[in-house]
Each structure stands twice: as C-alpha cells, then as structure tokens.
Amino acid sequence: MNEIKSIISDIKEGNLKPIYFLMGEEPYYIDKISDYIEENVLEESEKGFNQVVMYGRDVSMEEIVSSAKRFPMMAERQVIIVKEAQDLSRTIDKIEAYAANPQPTTVLVFNYKYKKLDKRKKSYKTIAKNGLIYESKKLYENQVADWIRKVLGGKKYNIEPKASQMLVEFLGTDLSKISNELDKLISVLPKETIITDKHIEENIGISKDFNNFELRKAVGQKDVVKANRIINYFAQNPKNNPLVMTISLLNSFFTQLLMYHGLQDKSKASVAKNLGVNPYFVDDYSSAARNYPMRKVSQIIALLREADVKSKGVGANQSHADILKELLFKILH
C-alpha cells in the first residue's frame, strides 16, 4: 500500500516515468495506478489528440512502439495505455529495444494482469532501469481483513473484526469486489462510523446470523442446534452459500486448529501471529481445541476432503445440502 501511495504521489508531483509496467496476480492496484494516470496526467483539452487506450488482443508490439515514438500534439506529453497487455505475452520482450531509449515525451503504461515478466530477462532489467515496474501481489486470505481496516481507516471509518471477516468470507480475496462493497457502505454511513455486522447485513445483504463465520463458530463450540439452523438456511439459499466455500472455510479453520494444538506458546499474541488471525478470534480456537483433540481434528480434515470430492460429483450422487448435513453430523459426533 505504501508503494502505491509513493507511485501516485510521484505522478501527482509530475515526476513521471516514460514506461509504467504494471504486472501481477492482483488486478486491483494495476487498475488503480493505470486509472490515475489516465484521469490525471493530461488536461481534458489535451486528451483528444494525446491519450490513446489500446488493448493487447487488438494491437502488436510494433504498433505500440510506433505510437510511443510519436511526438505529442500541442501538449507537453502523450499518454498511451495498453490494457490487457498479458495478451501480448509471446511478443512482450520486443519492448526491450524501445525501453533502452524511450521517448521522453511519452508515458507508456502496460496493464499486464495475472502474469509477470521474467526478472532474468533483459527486457525486465531495461524497463526497470529506465521506467517503473510494479508487481501487484495477491493478498493471502488472512491479510485481507487488515487491508479492509486500513482502507476504511484512510477514509475515516473503522470496522469491527467480525464485520471485516464476514466480508472476507463472503467476497473472498477479490479486492475490486471488496472495494465496491466498501464504497456502498461509506456512501450511506457518516464518517467516524464503526462498521458492525449489522451494517454489513443491512447494506450488503450478508446475514449476520446465518453465514460461514457463524457456522464455524457454532461448530467450534459444538453448538449442534445453531449449526443445524445455519446449514438449513444455507440449503434454502444455495446461491449465496455455495458448498465449496463452506468446505474451504471449515478446512482452513480445522487446519489452523491443528496448528494451534501444536503450539507450545498458546498466549493470545503467539496464537494470533502463528495462525495469522486477528487476536479477537483467538478465543474461538481455544474453545474449539477443548472440544476437538488433535486426533479428531485430523479425522475432520479427512472428512472435509472427502466432502469436497463428493461436492464435485465424484463417488456420490448426493445434493449439496445432503453432503453438508452428513459432513456436519460426522464433525459434531
């Protein structure tokens, strides 16, 4: 996040690079930087003649280089943005000759999503020397809640741990999706609001009582009645509660619980650090560990793998609701 701020700050101050090569698995920040350049480097009156957006599937590297070598018209510089540049992966190394001597009045931007340049190649080294390479890395699931907190903090909001975890479990690690939902929230809530699970339910539509977070908690506490209530709700709302996600989240929980059993230092700080969870949730693991000894946890992980295979239609002809009910019975008994 600090790297993004630094890049944007430099652009804002007019310290522009002739080439911005934005690559990596997480498209959110690639789009952020590219959009900022597209919207702010040129004045509106200059964009008609001096700003071009190309798409990798429609152009060749030769056409991009030819456009980049042109001089701007009645402006200090021109901006060329190549979106979906990963479609040029077979010929992308042809940029090396241009990168060795880039046109100083051109800002050339590549949005190279879901792929990376090979750092050993001359093209990478040449772009890094004369331009800027930014690698946008995918966040791990246990990093996303902290990302949500930081994003909201920068906009003068706060969020309770349970609420942020609900977002992660419902939306996964797709930062663009999460950002869109956060924008919805802050458009209706005043600044300084502490966002709760109730706000999430009312504005995004994730039930605060019937979600994977609550199921995980009920299973950890061996609350049979609550757990069955939740899975019955899931059975009635399968589109919003896909089995694959429920199995994945339960698997993560029990895998972490196995790690918890193996820790010598079970202080809150140690558990939070080693399991990669917010300290707020450590008590859930302490409670679950009393209900599920290590051997049982290992058995449950095997059951989850078996249920995952069944959910894909292998070796069983059961509905997803029946697979989940059977799984839950075996876990809780």
Test ring-ring contact (aromatic ring centres under 6.0 Å, His included) applied to Tyr280 - qualifying residues, sequence neighbours left out: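 Applying ring-ring contact (aromatic ring centres under 6.0 Å, His included) to Tyr280 gives none.
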Return yes if a side-chain donor-acceptor contact under 3.5 Å exists between [X] and [Y], otherwise no.
{"X": "Asp183", "Y": "Ser187", "answer": "no"}
{"X": "Asp209", "Y": "Ser207", "answer": "no"}
{"X": "Glu63", "Y": "Ser60", "answer": "yes"}
{"X": "Glu141", "Y": "Gln143", "answer": "no"}
{"X": "Thr106", "Y": "Gln78", "answer": "yes"}

Taking [X] first and then [Y], would you say they form a salt bridge - that is, a charged N and a carboxylate O separated by under 4.0 Å?
{"X": "Lys83", "Y": "Glu38", "answer": "yes"}
{"X": "Lys217", "Y": "Glu214", "answer": "no"}
{"X": "Lys122", "Y": "Asp93", "answer": "no"}
{"X": "Glu192", "Y": "Lys156", "answer": "no"}

Can you find a pair of side-chain heavy atoms, one from [X] and one from [Y], that are under 4.5 Å apart?
{"X": "Leu139", "Y": "Thr173", "value": "no"}
{"X": "Lys208", "Y": "Ile200", "value": "no"}
{"X": "Glu326", "Y": "Gln318", "value": "yes"}
{"X": "Ile7", "Y": "Tyr36", "value": "no"}
{"X": "Gln221", "Y": "Lys226", "value": "no"}
{"X": "Lys116", "Y": "Glu135", "value": "yes"}
{"X": "Ile81", "Y": "Met54", "value": "no"}
{"X": "Ser311", "Y": "His320", "value": "yes"}

Intermediate values then yes/no, salt bridge (charged side-chain N to carboxylate O under 4.0 Å, His left out), Glu25 and Lys115: CA-CA 6 Å; Glu25 291 297 318; Lys115 294 191 176 188; over 6 Å; no
Is the number of heavy atoms from other residues, nucleotides or ligands within 6.0 Å of [atom1] ([X]) greater than 12?
{"X": "Lys47", "atom1": "NZ", "value": "yes"}
{"X": "Lys121", "atom1": "NZ", "value": "no"}
{"X": "Lys266", "atom1": "NZ", "value": "yes"}
{"X": "Lys32", "atom1": "NZ", "value": "no"}
{"X": "Lys222", "atom1": "NZ", "value": "yes"}

Do you know the tightest heavy-atom contact between [X] and [Y]?
{"X": "Val82", "Y": "Gly56", "value": "CG1-N, 4.3 Å"}
{"X": "Ala321", "Y": "Ala235", "value": "CB-CB, 3.8 Å"}
{"X": "Leu275", "Y": "Leu263", "value": "CD1-CD1, 3.9 Å"}
{"X": "Val219", "Y": "Ala227", "value": "CG2-CB, 4.5 Å"}
{"X": "Val59", "Y": "Leu88", "value": "O-CD2, 3.3 Å"}
{"X": "Lys191", "Y": "Lys155", "value": "NZ-O, 3.5 Å"}

With rounding to the nearest 0.5 Å, note down the distance linking [atom1] in [X] to [atom2] in [Y].
{"X": "Ile247", "Y": "Leu303", "atom1": "CD1", "atom2": "CG", "value": "11.0 Å"}
{"X": "Ile8", "Y": "Ile33", "atom1": "CD1", "atom2": "CD1", "value": "6.0 Å"}
{"X": "Gln51", "Y": "Ile37", "atom1": "CD", "atom2": "CD1", "value": "9.5 Å"}
{"X": "Leu167", "Y": "Lys177", "atom1": "CG", "atom2": "NZ", "value": "12.5 Å"}
{"X": "Gln165", "Y": "Asn212", "atom1": "CD", "atom2": "CG", "value": "10.5 Å"}

Phe21/Tyr112 under ring-ring contact (aromatic ring centres under 6.0 Å, His included): CA gap, chis, key distance, verdict: CA-CA 7 Å; Phe21 201 95; Tyr112 199 75; 5.1 Å; yes
Within the side chain of [X], is there an N or O that forms a donor-acceptor pair under 3.5 Å with the backbone of [Y]?
{"X": "Asn237", "Y": "Asn240", "answer": "no"}
{"X": "Ser164", "Y": "Pro161", "answer": "yes"}
{"X": "Asn50", "Y": "Met73", "answer": "yes"}
{"X": "Ser136", "Y": "Pro27", "answer": "no"}
{"X": "Tyr29", "Y": "Glu26", "answer": "no"}
{"X": "Tyr157", "Y": "Ile186", "answer": "yes"}
{"X": "Ser6", "Y": "Asn2", "answer": "no"}

Worked verdict on Arg77 versus Val41 for side chain to side chain contact (heavy atoms under 4.5 Å, CB included): CA-CA 9 Å; Arg77 58 177 61 90; Val41 168; 3.7 Å; yes
Sequence neighbours excluded - side-chain hydrogen bond (donor to acceptor under 3.5 Å, both in side chains) pairs with any residue from residues 285-298: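 Residue pairs passing side-chain hydrogen bond (donor to acceptor under 3.5 Å, both in side chains), neighbours aside: Gln256-Tyr285, Tyr260-Ser286.
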Aromatic ring proximity Tyr28/Trp147, centre distance under 6.0 Å: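 Between Tyr28 and Trp147, the centre distance is under 6.0 Å.
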Aromatic ring proximity Phe281/Phe213, centre distance under 6.0 Å: yes
side-chain hydrogen bond (donor to acceptor under 3.5 Å, both in side chains) assessment of Ser319 paired with Asp322: CA-CA 5 Å; Ser319 69; Asp322 286 341; 3.2 Å; yes
Residue pair His199, Asp197: steps toward the side chain to side chain contact (heavy atoms under 4.5 Å, CB included) verdict: CA-CA 5 Å; His199 292 126; Asp197 55 354; over 6 Å; no
Chi angles and distances behind the salt bridge (charged side-chain N to carboxylate O under 4.0 Å, His left out) call for Arg305, Asp308: CA-CA 5 Å; Arg305 287 178 184 151; Asp308 182 52; over 6 Å; no
Verdict with reasoning, Asn241 to Met245, per side chain to side chain contact (heavy atoms under 4.5 Å, CB included): CA-CA 7 Å; Asn241 304 280; Met245 185 179 290; over 6 Å; no
Trace of the salt bridge (charged side-chain N to carboxylate O under 4.0 Å, His left out) decision for Lys113 with Asp31: CA-CA 9 Å; Lys113 296 177 179 177; Asp31 288 336; 2.8 Å; yes
Worked verdict on Lys94 versus Glu62 for salt bridge (charged side-chain N to carboxylate O under 4.0 Å, His left out): CA-CA 8 Å; Lys94 290 182 179 180; Glu62 289 80 6; 2.9 Å; yes
